[in-house]
Amino acid sequence: LAEPTLEKGADILDVVLAMTDDVDALVRLQLALTLGETQDPRALTALADLAERYGSERWMADAILSSVSAQAQLLAAELLARDEFAGEDKIFGRLAASVGARRDSSEVNRFLAMIAGIDVDAHPQRQIVLLEAFVASLADGHQEPVPLAAGRKAIHQLLKTASREVRQSAFALAKMFSIDDSESMREILAAAASTAADREQSLDARVSAVQLLANARWRERRLLVDLLTPHAPPELQIAIVATLAAGDQAEATDALLSRWQGLSPAAQEAIVDAIFTRTSRLPALLKAMEDGVVLPTSVSALRQTQLLENSDEAIRRRAEELFQPTSSDDRQAVFSRYQPALQLPRDPNRGRMVFEQQCAKCHRLGDRGYAVGPDLSAAANRPDLTLLTDLFDPSQSIKPDYLVHTASTIDGKVFTGVLAEESATSITLRREEGQQVTILRKDLQRLQASSKSLMPDGLEKLMTPQDAANLIGYLRQALG
């Protein structure tokens, strides 16, 4: 009721401003909403007080953000000045997103200068939270703000920080603002490339340098190809794969496949995963398999199924020649071959090792594995014969909740996993090891369910009858 009179009567505003510590949470919430109706600078201080003391209360952050609107940058500055403020994860990111969404060049440049001036020794997370949200909000739009001198200086300063996350965000900003080809940027990239190649540097420093190059142009990233060797530590190999695969250059796929031989299994799997993120990369992988560079068995059963069910007929035909998918009769033959496993002695300890190697990526049991596929607690009431069927003919009975879905986006990316969540605006796919990816519906071109289980046919290539017996023994022991 007081809102229409806040700008007219100083006495009323004084009373309202004094209510930040009201004992009633609903009163405080209404106060946060009401303060948006006045331009008095004291309102910003009051909103900062509410954020600092009661920011974790339900709806409080929403109410504060609705009231600051064009003053998001000023509220962020007010909170940054408070050393005791500990609500970075609750409100800083949303304030940064609000600034980015407005795309006001002056405000953006002030905001960047403010972020660069944060005392990271006292508050190491503040820069990270603010920058990541700010970059994400800018990436959602099409018109970038103009970087002024202050903004350029701040970006260059952030690029030299010790935090890998901050450098990554700063590099993304430099790319958005088209200042990634300046002399100082070239010096930073050259230093990163040098660190990545220097075996005297720590592994963490080399990996961090490689990751920094992920936002660079292909001419800088391609320098990493020579470092992708069997001699490189697996962690460095995987980081190089991710950096080379960033972007959509055709040369990246050829470069990755040219280095396939001798890489660690994890790096080879990372290459395959990177190739499957873009439909345009699949023909190169098929050719590598046809030429004998990549063994078809190096491609997981799930990835094989994706190729065999691809919407492109040419890809399907080539995949059929490579994989020769088994028929239902073949599944029955495999099942019959493994039935003697039900009579073999069982070693639960060895069975646990089989579970960790073959099942834990998608199934959780106790404190082991990831909850991607069906809950294994139901296996306690399933006969051994049914468990054997589940292992070697998994697509015979699939719950709809665990069908594999393939999502294609309008910019050519491809993602695969179990449909974990969907809303009016997005879908979320859950993949091996619990990884999740959320895709906005506005970016979605196609979503297709596979006819196969998340655990496709083919375990017989990885598991002996004795392994199957030991695995069932482990399940029985673990499930009681």
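Keep in mind that what you see is a predicted model, and the values were worked out from it rather than measured.
Between Arg352 and Glu356 there is a salt bridge, since a side-chain N of the basic residue sits under 4.0 Å from a carboxylate O of the acidic one. With respect to Asp291 and Lys287, a salt bridge is recorded, a charged nitrogen being found less than 4.0 Å from a carboxylate O. A salt bridge is defined here as a Lys NZ or Arg NE, NH1 or NH2 lying under 4.0 Å from an Asp or Glu carboxylate O, and Glu460 with Arg337 fails to meet this definition. Using a cutoff of 4.0 Å between basic side-chain nitrogens and carboxylate oxygens, Glu313 and Arg317 are scored as salt-bridged. The pair Arg303-Asp273 counts as a salt bridge, with a side-chain nitrogen and a carboxylate oxygen less than 4.0 angstrom apart.
Looking at Asp467, its side chain does come within 3.5 Å of a backbone N or O of Thr464 through a donor-acceptor pair. Between the side chain of Arg364 and the backbone N or O of Ala371, no donor-acceptor pair lies under 3.5 Å. For the pair Glu220 (side chain) and Leu189 (backbone), a donor-acceptor distance under 3.5 Å is absent. Looking at Gln237, its side chain does come within 3.5 Å of a backbone N or O of Ala232 through a donor-acceptor pair. Remark: the backbone N or O of Ser105 is paired with a side-chain donor or acceptor of Asn109 at under 3.5 angstrom.
Between the side chains of Arg316 and Ser311, not a single donor N or O lies within less than 3.5 Å of an accepting N or O. A donor and an acceptor atom, one from each side chain of Gln306 and Asn310, are nowhere located under 3.5 Å apart. Neither side chain, Gln127 nor Ser163, offers a donor N or O lying under 3.5 Å from an acceptor on the other.
Evaluation of the ring pair (Phe, Tyr, Trp, His ring centres under 6.0 Å) rule for Phe276 yields no partner, not counting sequence neighbours. With sequence neighbours left out, the salt bridge (Lys or Arg N to Asp or Glu O under 4.0 Å) criterion links Asp443 to no other residue. Qualifying side-chain contact (heavy atoms from CB on, under 4.5 Å) partners for Asp62, counting only residues two or more places apart in sequence or in other chains: Trp59, Arg94. Listed by chain and number, the residues in a side chain to side chain donor-acceptor pair (under 3.5 Å) with Ser377 are Asp375 (sequence neighbours excluded). Listed by chain and residue number, nothing satisfies the ring pair (Phe, Tyr, Trp, His ring centres under 6.0 Å) test with Phe415 (two or more places apart in sequence, or in another chain). Listed by chain and number, the residues in a side chain to side chain donor-acceptor pair (under 3.5 Å) with Arg221 are Gln249 (sequence neighbours excluded). Partners of Arg476 by side-chain contact (heavy atoms from CB on, under 4.5 Å), not counting sequence neighbours, listed by chain and number: Arg346, Asp384, Leu387, Ile472. For the side chain to side chain donor-acceptor pair (under 3.5 Å) test, residues two or more places apart in sequence or in another chain that qualify with Thr438 are Thr428. For the side chain to side chain donor-acceptor pair (under 3.5 Å) test, residues two or more places apart in sequence or in another chain that qualify with Glu107 are Arg102.
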(request) Decide yes or no on salt bridge (Lys or Arg N to Asp or Glu O under 4.0 Å) for Asp226 and Arg259, but give the supporting numbers first. (result) CA-CA 9 Å; Asp226 291 339; Arg259 294 285 168 163; 3.3 Å; yes
(message) Evaluate Thr277 against Val414 for side chain to side chain contact (heavy atoms under 4.5 Å, CB included), listing each step before the verdict.
(response) CA-CA 5 Å; Thr277 61; Val414 180; 5.9 Å; no
(request) Verify salt bridge (Lys or Arg N to Asp or Glu O under 4.0 Å) between Asp390 and Arg382, making sure each step is shown before the conclusion. (result) CA-CA 10 Å; Asp390 293 340; Arg382 295 169 72 82; 3.0 Å; yes
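You'll find the side chain of Val299 reaches within 4.5 Å of the side chain of Met289, heavy atoms only. In this structure, the side chains of Glu132 and Glu165 come closer than 4.5 Å at one or more pairs of heavy atoms. A 4.5 Å side-chain heavy-atom check between Val68 and Leu95 finds at least one atom pair inside the cut-off. In this structure, Phe134 and Leu112 have side chains that are in contact, with non-hydrogen atoms separated by less than 4.5 Å. In this structure, the side chains of Asp347 and Tyr474 stay at 4.5 Å or more apart for every pair of heavy atoms. The shortest side-chain heavy-atom distance between Leu429 and Gln436 does not fall under the 4.5 Å cut-off.
For the atom pair SG (Cys359) and OH (Tyr370), the distance works out to 14.5 Å, reported to the nearest 0.5 Å. Between the CG atom of Leu131 and the CD1 atom of Ile118 there is a distance of 7.5 Å, given to the nearest 0.5 Å. To the nearest 0.5 Å, the span separating CD on Glu432 from SG on Cys362 amounts to 4.5 Å. Rounded to the nearest 0.5 Å, atoms CD1 (Ile271) and CZ (Arg281) are 11.5 Å apart. In this structure, CG in Leu228 is found 4.5 Å from CG in Leu263, a value given to the nearest 0.5 Å. In this structure, the separation between CD on Glu290 and CG on Leu322 is 5.5 Å, given to the nearest 0.5 Å.
Listed by first then second residue, pairs satisfying salt bridge (Lys or Arg N to Asp or Glu O under 4.0 Å) with a partner in residues 260-272 read Glu269-Lys361, not counting sequence neighbours. Counting only residues at least two apart or in different chains, salt bridge (Lys or Arg N to Asp or Glu O under 4.0 Å) contacts with residues 402-418 are absent. Pairs of residues two or more places apart, or lying in two chains, never qualify as salt bridge (Lys or Arg N to Asp or Glu O under 4.0 Å) while including a residue from residues 235-246.
Around the CD atom of Glu251, the shell of radius 6.0 Å holds more than 12 heavy atoms that belong to other residues, nucleotides or ligands.
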